[in-house]
Structure formats: C-alpha cells, structure tokens
Amino acid sequence: MLNISHVTAAAAMRSVAFAGRIVAPSVCRVCPVRPRLTGYMQARAYGYQHKDKDEALNIMVSIDNDRGVVITRDRHGVERNRLPYFWLRDNCRCSKCVNQDTQQRNFNTFEIPEKVEPVKHHFDGEGLRIEWSHGSHKSFYSMEFLEGYWRSRRPQIKDERVVRNDYFAFRGHPNSSIDFSEFEKDQESAVGRLTLLIRRGGFAFVKGVPTDSAQPTEDLLRKIAFIRETHYGGFYDFIPDLAHADTAYTNLALSAHTDTTYFTDPAGLQAFHLLSHTDEGSSKKGPEAELGGKSILVDGFHAANILQEEDPNSFYILAKYGIPWHASGNKGITIAPDKLYPVIELNPETGKVHRIRWNNDDRGVVPVNIDDSSSIGAKQWYKAARAWDEILRRKRIKYSFQLEPGTVLIFDNWRVLHGRTAFTGRRRICGGYINRDDYISRWRNTNFKKAEITKQVTS
C-alpha cells in the first residue's frame with residue numbers, strides 16, 4: 001500500500017481549477033482536512049499527500065459531471081489527467097466483473113449505459129471506491145491501478161532491469177550458461193533463469209545435455225513451451241542432405257540472418273544442438289583435423305543501434321519501408337507474410353527496435369518505387385541495405401564459437417541473427433522453434449508473481 005496521509009488543512013483549502021474555472025473548496029463536515037468542491041458542476045474532491053523518500057506528492061481526486069474522474073498531481077507543477085467514467089466501469093476488477101481464476105471479463109461491456117456515472121464515491125489512502133448509477137454496482141480502484149494509468153497509457157513492469165537489453169559483441173556474454181542438471185533439481189527455477197538469460201542477453205547455452213539421442217534436447221525445449229510446427233516439421237533432427245530445399249540443409253557457409261522471415265509471426269526462439277560432427281566423407285582426417293562449421297551470432301538490436309548512429313537515413317529507410325519475403329523452394333509450399341515488413345521493426349510506443357527480419361536469401365524483389373509519395377526507391381533501399389550488411393559482417397560484433405555435443409544453443413530469433421562457416425564431414429543437428437508469445441509467457445510466469453503478471457497482460 002502506498003504511504004499516503006491527509007494533506008494539511010491549508011493545502012487542502014487551496015483553489016483547484018476545473019474546466020477553466022477556479023472553484024474554492026469548502027471543508028468537509030465528515031473530515032476537517034478533507035476538501036469538498038462545491039458550486040460549478042457540483043464537483044467533489046479528496047486531497048492526499050503521498051510521501052516518498054524524496055519529497056511529498058499532493059494528489060487531488062475529484063468526481064465531476066464532465067464524464068470522468070480528474071486526478072490532479074502537484075509535485076514540481078500541476079499535472080491533471082481524466083479517467084472516463086465508462087472506462088473505469090468497464091475496468092472494474094471485482095469478482096463479479098472478472099473471473100478470478102481465468103482473469104476474463106464476466107459481463108457484456110455494452111450492456112452498461114453509455115452515460116453511466118458515480119452516485120457515491122470515496123477516495124482514501126487505499127484507493128477510489130465508486131457506487132455506479134447502473135445496477136448500484138460497487139467498484140474499487142487501488143492506488144497502484146490509478147497510478148499506473150495517470151502516469152502512462154499502460155502500466156509497466158516495476159523492475160525494468162529484467163527486460164533491459166544486455167548487448168553482446170565478439171566476446172558474447174560471460175554468464176550465459178545453465179547446466180542441464182538444474183532442470184532436474186527445480187524445473188521452474190531453471191526455466192526462469194534460462195528464459196531470463198535469453199530475454200536479457202539474446203541467447204543462452206544449456207550444458208551437459210545427453211547426446212545418445214535427440215530426445216533429451218526435445219524434452220528440454222518442451223519445458224519452455226510447445227515446439228512450433230512449420231513446413232519443415234516440428235522438432236528437427238537432420239544431416240546436410242538437402243532433405244528440404246534450404247541452404248541450411250547443406251554444408252555451405254551461411255551469413256548472419258534470422259529464420260522464418262516469410263511468416264507473419266516469425267519464430268520467437270530457435271535451438272541448435274550439435275549431436276555429432278565426424279570426418280565422414282571429408283578429406284581432412286584425424287583428431288586434429290579442422291572440420292569447420294563455426295557458429296556465428298550477431299546482436300541485431302546492437303547492430304541496428306550502430307546503423308542509426310552512423311547512418312540515420314539508412315536506418316530510417318530499413319525501419320519504415322517493407323519489402324517482400326517468401327519461402328517457395330519446397331513443392332507445394334509458397335509462404336509469404338500478410339504484408340510487406342521492414343528489416344528493422346520498431347515498437348510504436350517506445351520507438352525502440354522491436355524485431356529484426358533479415359535473410360537476404362529469402363528476400364523477394366525490392367519494389368522499384370517503394371514510396372510513390374517520396375523519392376525513395378530501390379536505389380535508396382539497396383544503399384541502406386548495403387550499410388546494414390557491412391555492419392553485420394564486422395568482426396568486432398560477430399560472436400564466433402564452435403558448437404559442441406552436449407551443449408544446446410537457444411536464442412531469440414527476433415533479435416539475434418545466426419550463421420555459420422562452411423564445413424566438411426557429417427554433422428547431425430537437432431533443435432526446433434518456439435513461438436514468441438509462448439516463450440514470453442513462460443518467462444513471465446517463472447520470473448514474476450501472479451498479481452504482477454495479471455497487471456502486465458491485462459493492461
């Protein structure tokens with residue numbers, strides 16, 4: 001509960017502005033330090049002083065006839081926000097309105113009269129209590145709930161540290177591994193740590209995974225969420241035999257890219273486990289033979305930030321203009337997303353990089369005239385893409401390492417680009433895709449308390 005006390009009588013009695021008119025509050029008969037506004041629109045207000053460790057915050061909550069609850073905050077200046085009556089009634093969280101087990105709404109929003117309004121109200125240190133004109137329904141809005149919406153359009157997770165991006169470059173991350181045995185000791189705790197490593201750093205290794213079969217790797221991935229089915233199947237276990245029409249099923253080098261660019265919703269997580277790599281069919285023999293096949297990871301968010309700093313115009317073009325992506329190499333398969341998507345997708349609320357969609361091999365034909373309303377065309381896009389490609393190939397941002405049997409690599413496919421060097425011999429790789437929403441859900445539920453999760457997903 002927030003530490004709130006009544007404001008002094010002098011503070012409560014100061015004038016408060018409503019709808020362009022100054023109205024002087026009179027002292028409430030119930031509480032001598034709780035102001036009540038009279039006169040214009042018969043508005044009523046309750047004032048409190050929120051004390052934090054730095055300074056006091058004066059909060060005035062009023063009910064007026066202008067279809068909303070007005071919250072006035074005074075710290076270094078006056079801030080005023082209005083929460084509409086209908087919005088408040090629709091977002092009542094009581095057990096009659098919301099099923100407490102499923103967190104689903106129990107009523108038809110549009111059976112509520114459009115002009116629903118409070119008939120009784122009370123604001124104290126715990127929150128705002130309202131009795132509504134429709135059905136005499138009683139609602140309670142906690143200070144935490146009100147505070148979340150008067151400060152921003154959507155409440156944020158309290159601990160911002162857990163969602164920070166710890167960018168990586170050629171050294172990778174020093175603490176990016178978890179041992180497979182931890183999942184046997186405490187599965188929920190281990191999954192929480194694993195998903196948090198990926199959420200912050202973009203990737204993680206699970207070491208000590210059995211290699212006698214692919215089953216332990218599949219079981220590991222299912223501890224996070226179900227494995228996504230695509231036209232390649234679900235959980236994959238393959239050798240480079242071109243069983244599918246994709247260069248991944250060869251021994252050729254692959255430049256840094258993200259997978260499934262051709263889906264409207266690209267895969268959220270991707271996993272690789274090198275079960276074996278032998279010199280079968282290779283001219284290089286012996287224990288010292290270098291068979292190649294080093295893995296490459298690039299932090300796409302970090303690369304995008306570099307592009308924005310070095311070449312803002314190229315960043316703008318790759319973030320604004322969508323291009324076609326496709327998968328059409330396998331018989332009977334022609335997949336393309338629901339619309340043209342840009343290489344760099346931004347969060348519309350924060351403006352930060354949200355997703356990277358980049359695989360030059362799966363890219364369609366760039367439109368000659370990308371934007372008819374400006375001079376942006378194929379020439380400008382190619383110039384921007386060349387600058388992007390050059391950054392992705394810089395040694396100082398490429399994390400290169402050799403996959404080893406027993407170590408599973410899991411990474412965020414919306415953020416991390418992956419590739420490999422060419423190799424000889426015979427490699428057996430297994431792994432799979434996991435949907436982004438399911439991965440994030442698992443991360444939330446293993447790192448936060450239920451009340452905090454509910455606030456985040458329903459807001």
Side-chain angles (χ1 to χ4, degrees), residues 1-4 46 48 50 59 61 63 67-69 71 81-160 162-163 186-193 195-196 199 222-226 268 349 434-459:
M1 184 186 300
L2 294 176
N3 180 18
I4 298 178
Y46 299 108
Y48 290 87
H50 167 43
I59 301 174
V61 175
I63 303 289
R67 315 306 317 152
V69 172
I71 300 176
N81 298 83
R82 174 176 277 107
L83 300 179
Y85 292 157
F86 194 92
W87 180 90
L88 280 166
R89 177 61 190 88
D90 182 50
N91 287 291
C92 176
R93 311 305 295 173
C94 78
S95 58
K96 292 181 179 179
C97 292
V98 175
N99 185 307
Q100 301 302 300
D101 294 322
T102 68
Q103 294 301 309
Q104 292 175 298
R105 193 172 275 105
N106 274 339
F107 63 94
N108 182 350
T109 296
F110 305 102
E111 289 181 355
I112 300 171
E114 186 177 358
K115 294 184 178 181
V116 66
E117 60 184 6
V119 293
K120 294 181 182 179
H121 54 278
H122 179 70
F123 178 65
D124 55 26
E126 294 182 351
L128 176 63
R129 303 175 193 277
I130 294 179
E131 181 178 327
W132 297 100
S133 57
H134 179 243
S136 298
H137 184 78
K138 296 178 181 179
S139 301
F140 171 71
Y141 306 92
S142 68
M143 280 297 301
E144 185 178 22
F145 177 86
L146 295 173
E147 186 180 41
Y149 285 98
W150 79 53
R151 289 184 173 177
S152 64
R153 289 190 298 168
R154 180 181 183 186
Q156 299 299 309
I157 292 175
K158 289 181 180 178
D159 189 356
E160 295 289 341
V162 300
V163 292
D186 187 340
Q187 178 173 306
E188 290 300 290
S189 176
V191 170
R193 187 174 164 225
T195 53
L196 181 56
R199 190 84 168 96
R222 293 191 186 279
K223 294 180 192 301
I224 302 174
F226 67 89
E349 293 184 0
I434 293 175
N435 284 333
R436 164 79 175 191
D437 291 344
D438 299 293
Y439 145 56
I440 294 298
S441 171
R442 197 75 168 102
W443 162 73
R444 284 196 188 105
N445 282 277
T446 53
N447 283 280
F448 295 96
K449 294 180 179 179
K450 183 178 179 180
E452 183 64 22
I453 296 169
T454 300
K455 185 181 75 170
Q456 179 66 12
V457 300
T458 61
S459 300

Inset, instruction - Locate the shortest heavy-atom distance separating Thr446 from Gly192; write the atom from each residue and the value. - result: OG1-CA, 3.1 Å
Legend entry - side chain to side chain contact (heavy atoms under 4.5 Å, CB included) assessment of Val119 paired with His134: CA-CA 9 Å; Val119 293; His134 179 243; over 6 Å; no
Inset, instruction - Kindly write out the residues that satisfy side chain to side chain contact (heavy atoms under 4.5 Å, CB included) with Ser189, not counting sequence neighbours, or none if the list is empty. - result: Asp186
Inset, instruction - Show your working on side chain to side chain contact (heavy atoms under 4.5 Å, CB included) between Phe107 and Arg89 and close with a plain yes or no. - result: CA-CA 11 Å; Phe107 63 94; Arg89 177 61 190 88; 4.1 Å; yes
Legend entry - Distance (rounded to the nearest 0.5 Å) between Ile130 CD1 and Lys120 NZ: 13.5 Å
Legend entry - Contacts of type side-chain hydrogen bond (donor to acceptor under 3.5 Å, both in side chains), residue Arg193, not counting sequence neighbours: Glu182
Inset, instruction - State which residues pass salt bridge (Lys or Arg N to Asp or Glu O under 4.0 Å) with Arg129; sequence neighbours excluded, sorted by chain then number. - result: Asp124, Glu126
Legend entry - Residues in side-chain hydrogen bond (donor to acceptor under 3.5 Å, both in side chains) contact with Asn435, at least two apart in sequence or another chain: Arg228, Asp438
Legend entry - Closest heavy-atom pair and its distance - Asn106, Ser95: ND2-O, 3.6 Å
Inset, instruction - State whether the side chain of Ser133 and the backbone N or O of Glu117 hold a donor-acceptor pair below 3.5 Å, judged by distance alone. - result: yes
Legend entry - Donor-acceptor contact present, side-chain Arg442 to main-chain Lys223, <3.5 Å: yes
Inset, instruction - Output all residues satisfying side chain to side chain contact (heavy atoms under 4.5 Å, CB included) with Asp101, sequence neighbours left out; order by chain, then residue number. - result: Asn99
Inset, instruction - With rounding to the nearest 0.5 Å, note down the distance linking OG1 in Thr195 to CD1 in Ile224. - result: 7.5 Å
Legend entry - Shortest non-hydrogen separation from Cys97 to Cys92 and the atoms involved: CB-O, 3.5 Å
Inset, instruction - Not counting sequence neighbours, which residues clear side chain to side chain contact (heavy atoms under 4.5 Å, CB included) with Lys138? List them please. - result: Glu131
Legend entry - Which residues share a side-chain hydrogen bond (donor to acceptor under 3.5 Å, both in side chains) with Glu114, sequence neighbours left out: none
Inset, instruction - State, with a plain yes or no, whether a side-chain heavy atom of Arg199 is found less than 4.5 Å away from one of Tyr439. - result: yes
Legend entry - Ser139 to His137 - nearest heavy-atom pair and separation: OG-CD2, 3.4 Å
Legend entry - Listed partners of Thr109 passing side-chain hydrogen bond (donor to acceptor under 3.5 Å, both in side chains), at least two apart: Asp90
Inset, instruction - State, yes or no, whether a side-chain contact exists between Val69 and Phe123 at a heavy-atom distance under 4.5 Å. - result: no
Legend entry - Listed partners of Val98 passing side chain to side chain contact (heavy atoms under 4.5 Å, CB included), at least two apart: Arg93, Gln100, Gln103
Inset, instruction - Heavy atoms only: give me the nearest Leu88-Tyr141 pair and the separation to one decimal. - result: O-OH, 2.5 Å
Legend entry - Distance (rounded to the nearest 0.5 Å) between Trp132 CH2 and Phe86 CZ: 10.0 Å
